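Right, one structure below, let's go through it.
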Amino acid sequence: MKVNTDGVLLGAAMGLDASDRRLLDVGTGTGTIALMAAQRLFDLGADCLINAIDIDEASAEEASENFAASPWPGMLRASHLSLEGFAAVCGDSFDMIFSNPPYFDDSLKNPDARKSTARHSLSLSYRELIAFAADRLTPSGRLTMVLPSDCEQAMLRHARMFSLFPRRILRVRTVERKAPMRIIVELGRERVDCREELLTIHEKERYSEEYLSLTDGFLSLIK
């Protein structure tokens, strides 16, 4: 599994706080987003544990190896579990749940079974994440996901059904002339004024300064 832009954006842009103690990464893949979260939380001086789960056994094993080789092995734990399986064995509440969920509902499936599971929402959907978060978030906890922009309104309607409301929406476009293709959305239990932001990845055939600033410390080689 490769590191992808969606995952890097989520890992760099999601809101984290030094008071976050229990976090959950759903569909961790190689563990990239969890590792980015650990790096950021370590820099904040947080005392936390990040549980990272994946339905694909090889991915969970790879994430576990990456966690063990990182500077933050005590902050990270990888498990080969589906979200349903994790819910059955873990009764904890979480300050932050984050995910780069699969979202290719209608596209042709990849013949590679692992990549098909990672890409298609047959194995996980934002609806399942919202339902789980509504049951397992602490009172001030957040659910953060990266999704295609065209999911925004349907996702927000579904979240309201579970009394989860947008706190922040970051819309991401590749270049200025194009409409946003992704959103990073943060949901919580309280109704607050939603902070809306816009990020452009490329300008003048280079990475934009705002993108470089956001990913500084993670992707230094792209400069």
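All figures in this text were calculated on a predicted structure; none of them were measured in a lab.
The pair Asp95-Arg22 fails the salt-bridge criterion, with no side-chain N (NZ, NE, NH1 or NH2) lying under 4.0 Å from an Asp/Glu carboxylate O. Asp6 and Arg182 are joined by a salt bridge, as a carboxylate oxygen and a charged side-chain nitrogen come within less than 4.0 angstrom of each other. Looking at Arg142 and Asp20, a side-chain N of the basic residue comes within less than 4.0 Å of a carboxylate O on the acidic one, giving a salt bridge. A salt bridge does not link Arg171 with Glu197: every distance from a Lys NZ or Arg NE/NH1/NH2 to an Asp or Glu carboxylate oxygen is 4.0 Å or more.
Summarising the geometry of Ala60 relative to Ala78, their closest heavy-atom pair is O-CB, 3.7 Å, with the distance given to 0.1 Å. Nearest heavy atom pair, residue Ser59 against residue Asp56, reads OG-OD2, 2.7 Å. Taking all atoms of both residues into account, the shortest heavy-atom contact from Met145 to Leu187 is CE-CD1, 4.2 Å. In this structure, Tyr126 and Met155 approach most closely via the heavy-atom pair CE1-CA, 3.6 Å. Considering all non-hydrogen atoms of both residues, Ser99 and Leu124 come closest at OG-CD2, 4.1 Å. The shortest non-hydrogen separation linking Ile183 to Ser149 is CG2-OG, 3.8 Å.
Proximity of a side-chain donor or acceptor of Asp54 to a complementary backbone N or O of Gly29 within less than 3.5 Å is detected. Formation of a donor-acceptor pair under 3.5 Å by the Glu190 side chain with backbone atoms of Leu164 is not found in this model. Checked by atom type and distance alone, the side chain of His80 pairs as donor or acceptor with a backbone atom of Ile55 at under 3.5 Å. In this structure, the side chain of Ser70 engages the main chain of Phe67 through a donor-acceptor pair within 3.5 Å. Listed for the Ser125 side chain is a donor-acceptor partner under 3.5 Å among the backbone atoms of Arg127. The backbone N or O of Leu81 sits nowhere less than 3.5 Å from a side-chain atom of Ser79 that would complete a donor-acceptor pair. Within the 3.5 Å criterion, the main-chain N or O of Tyr211 finds a donor-acceptor partner in the side chain of Thr215. In terms of modelled atom types and a separation under 3.5 Å, the side chain of Arg40 and the main chain of Gly11 share a donor-acceptor contact. Of the possible donor and acceptor atoms, one in the side chain of Asn66 sits under 3.5 Å from a partner among the backbone N and O of Thr30.
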Test side-chain hydrogen bond (donor to acceptor under 3.5 Å, both in side chains) applied to Asp25 and Thr28, step by step:
CA-CA 6 Å; Asp25 177 13; Thr28 193; 2.7 Å; yes

Problem - Check against side chain to side chain contact (heavy atoms under 4.5 Å, CB included), Ile169 and Cys194 - result: CA-CA 7 Å; Ile169 298 176; Cys194 179; 3.8 Å; yes

_Worked verdict on Phe165 versus Arg160 for side chain to side chain contact (heavy atoms under 4.5 Å, CB included)_ = CA-CA 6 Å; Phe165 307 98; Arg160 285 195 295 271; 4.2 Å; yes

- Just do the side chain to side chain contact (heavy atoms under 4.5 Å, CB included) check on Val185 and Val146 with the steps written out, would you? CA-CA 7 Å; Val185 59; Val146 56; over 6 Å; no

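Screening Glu176, Arg173, Lys178 for a side chain to side chain donor-acceptor pair (under 3.5 Å) involving Thr200 leaves a single residue, Arg173. Between Phe132 and the options Leu24, Leu143, Val26, a side chain to side chain contact (heavy atoms under 4.5 Å, CB included) holds for only Leu24.
Note that CD1 of Ile50 is 13.0 Å distant from CZ of Arg21, once rounded to the nearest 0.5 Å. Going from atom CG of Asn100 over to atom CG of Leu9 covers 9.5 Å, rounded to the nearest 0.5 Å. How far OG of Ser163 is from CD1 of Ile130: 12.0 Å, rounded to the nearest 0.5 Å. In this structure, CG on Asp43 lies 6.0 Å from CD on Gln39, to the nearest 0.5 angstrom. Here Ile33 contributes atom CD1 and Leu10 contributes atom CG; the two are 4.5 Å apart, rounded to the nearest 0.5 Å. With rounding to the nearest 0.5 Å, the separation of OG in Ser19 from CG in Leu41 is 9.5 Å.
Neither Leu198 nor Val175 shares a network with the other; the hydrophobic side chains, linked directly or stepwise wherever heavy atoms of I, L, V, M, F, W or Y lie under 4.5 Å apart, form separate groups for each. The hydrophobic cluster containing Leu49 does not contain Trp72, counting ILVMFWY residues as joined when their side-chain heavy atoms lie under 4.5 angstrom apart, directly or transitively. Hydrophobic clustering, with ILVMFWY side chains joined whenever heavy atoms are under 4.5 angstrom apart, groups Leu199 together with Val8. At a threshold of 4.5 Å between side-chain heavy atoms, the hydrophobic network of Ile, Leu, Val, Met, Phe, Trp and Tyr places Val192 and Leu170 in two separate groups. Residues Leu76 and Phe42 share a hydrophobic cluster, clusters being chains of Ile/Leu/Val/Met/Phe/Trp/Tyr side chains in contact below 4.5 Å.
Side chains of Ser208 and Ile201 form no contact here, defined as non-hydrogen atoms less than 4.5 Å apart. A heavy-atom distance below 4.5 Å is not found between the side chains of Leu44 and Asp17. In this structure the side chain of Thr32 never reaches within 4.5 angstrom of the side chain of Phe218, judged on heavy atoms. In this structure the side chain of Thr144 reaches within 4.5 angstrom of the side chain of Met96, judged on heavy atoms. Counting only heavy atoms from C-beta outward, the side chains of Phe98 and Leu23 approach each other to under 4.5 Å. Proximity of Ser82 to Ile53: side-chain heavy atoms (C-beta onward) are nowhere separated by under 4.5 Å. Contact of the Glu61 side chain with the Glu57 side chain is registered, since non-hydrogen atoms from C-beta on lie closer than 4.5 Å.
The environment of Glu203 atom CD is dense: over 12 non-hydrogen atoms of other residues, nucleotides or ligands sit within 6.0 angstrom.
No side-chain donor from either of Ser93 and Arg136 sits under 3.5 Å from a side-chain acceptor of the other.
Aromatic ring orientation, Phe162 versus His158: tilted (interplanar angle from 30° to 60°).
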